[in-house]
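Down below is the structure, laid out as C-alpha cells.
Whatever order the structure lists them in is the order used to number ligands and atoms, beginning at 1.
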Amino acid sequence: MVRRGTFIVFEGCDRGGKTTQCKKLVEALNKKNIPAEYMNFPDRTTAVGKIINDYLKKNIELPDHAVHLLFSANRWELEPVIRKKLHSGVSLVVDRYSYSGVAFSAAKENMDLQWCWNQEEGLPAPDAVFILNLSESASLQRGGFGEERYELTDFQAKVRSNYKLLKDPKIWKDIDADRDVESVHNEILKLFEEVHSQAVSQPIKTLKN
Ligand code: NYM
C-alpha cells in the first residue's frame, strides 16, 4: 500500500521568508528520497489566478467579497490535484492556504471572519501549519514592502492579529522567523519529520467550521 504524503502549509505575514523556507524544505526532503512538491496560493497561472494577479497588481478593482471568493475558488480549482498527489504518496509543501485567505480578507472593513472561513469548509486540511512569525522590527530591517495590494504596515498588523484567531493548537507550529535562514530551516526539518511520521498512516482530514 502506498503511504500518503504529508500536507504542510506555511503561513505568516509578508517578508517572513515563507517561499525560501518552502523551497529549502522540498529540496531537503527530495535529497532524503521523500517525494515532495512545492505549491503556492494564489496560483496565478490558472484562469482564476490570472484575475487574482490583476487584482493584486492593481490593474483591476473588485468588491471585497468577490475577491475573497476568487481566492477561495483558486484553492477549490486545485483541490483534486492536492488530494491526488497526497494519495499517490507525494508530500506537499504549500506556500499560503486558507489561513491567508481568511486572515487577509477579514483584515478589510466589513468583512466577517466566519463568512470568509465558510468558503474554505471541505477543502483538504493540512497535517501541520508552520507559521513564520516575523516581528515588526525584523520586518522593517528586511526592507520596504513591494507595490502589491495589501503590502502596507498597518494592514499587515491586522493580518497578524487575524492569524491568532485562526490558530488551531493541534496542528499549528509557531516558528521564530527573526533568525537566520539555516536556523529556521533546521527547526522546520525537525518539525516536518515529527509530523510526517504520524500523518502518513492517517486519512486526509478536511477543513471544518
Ligand atoms: N492572499 C493570499 C490573500 O489575500 N488571500 C489568499 O487566499 C491568499 C492565498 O495575496 N499579500 C494575499 C497574501 C499576499 C498576496 O501572495 C500574494 P504571495 O504569496 O505574495 O504571492
Side-chain angles (χ1 to χ4, degrees), residues 7-26 37-79 81-82 92-126 129-134 136 139-140 142-168 172 175 177 207:
F7 182 9
I8 302 289
V9 165
F10 277 70
E11 287 286 1
C13 289
D14 292 331
R15 308 200 69 81
K18 282 185 300 302
T19 306
T20 304
Q21 291 298 339
C22 284
K23 292 192 169 163
K24 273 182 85 70
L25 177 59
V26 170
E37 288 181 20
Y38 171 81
M39 283 180 86
N40 71 309
F41 289 106
D43 179 336
R44 303 185 195 216
T45 65
T46 68
V48 172
K50 289 190 175 108
I51 309 175
I52 293 174
N53 183 53
D54 271 337
Y55 175 77
L56 288 170
K57 299 262 183 255
K58 302 179 189 161
N59 297 333
I60 55 169
E61 293 297 324
L62 286 163
D64 294 333
H65 288 84
V67 167
H68 180 74
L69 292 175
L70 290 175
F71 274 110
S72 184
N74 190 227
R75 284 181 279 282
W76 281 104
E77 275 185 299
L78 289 154
E79 185 251 2
V81 177
I82 294 176
L92 294 177
V93 176
V94 180
D95 195 346
R96 297 191 185 283
Y97 195 55
S98 303
Y99 311 91
S100 279
V102 178
F104 278 78
S105 288
K108 297 173 173 178
E109 294 286 317
N110 304 320
M111 289 293 286
D112 180 66
L113 188 125
Q114 186 60 51
W115 181 88
C116 293
W117 185 258
N118 289 347
Q119 321 308 324
E120 308 299 314
E121 203 186 324
L123 282 168
V129 179
F130 293 169
I131 177 127
L132 298 189
N133 295 311
L134 186 71
E136 236 171 278
S139 167
L140 289 172
R142 289 188 188 183
F145 287 118
E147 295 293 307
E148 285 203 340
R149 225 180 268 268
Y150 307 149
E151 297 190 348
L152 300 162
T153 308
D154 287 356
F155 192 83
Q156 298 278 326
K158 284 192 205 144
V159 172
R160 197 175 276 125
S161 61
N162 282 343
Y163 272 125
K164 294 199 179 110
L165 300 174
L166 299 171
K167 186 169 177 165
D168 172 353
W172 209 264
I175 295 165
L207 292 180

Taking S72 for its side chain and Q119 for its backbone only, find out whether a donor-acceptor pair lies under 3.5 Å.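 The answer is yes, because a donor-acceptor pair under 3.5 Å joins these two groups.
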If only atom types and distance count, is the side chain of S161 paired as donor or acceptor with the main-chain N or O of K158 below 3.5 Å? yes
Going by side-chain contact (heavy atoms from CB on, under 4.5 Å), name the residues that satisfy it together with K23, two or more places apart in sequence or in a different chain.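 Listed in chain order: T19, Y38.
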Looking only at side chains, do N74 and E77 share a donor and an acceptor under 3.5 Å apart?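 Side-chain D/A pair, N74 to E77: present.
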Sub-4.0 Å heavy-atom environment of ligand 1, residues by chain: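 Answer by chain and number: D14, F41, P42, R44, L56, F71, R75, R96, S100, G101, F104, Y150.
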Is the distance from the ring center of W117 to that of Y99 below 6.0 Å?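 Ring-ring flag for W117/Y99: true, centres closer than 6.0 Å.
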Distance-minimising heavy-atom pair for K108 and Y55: NZ-OH, 3.1 Å
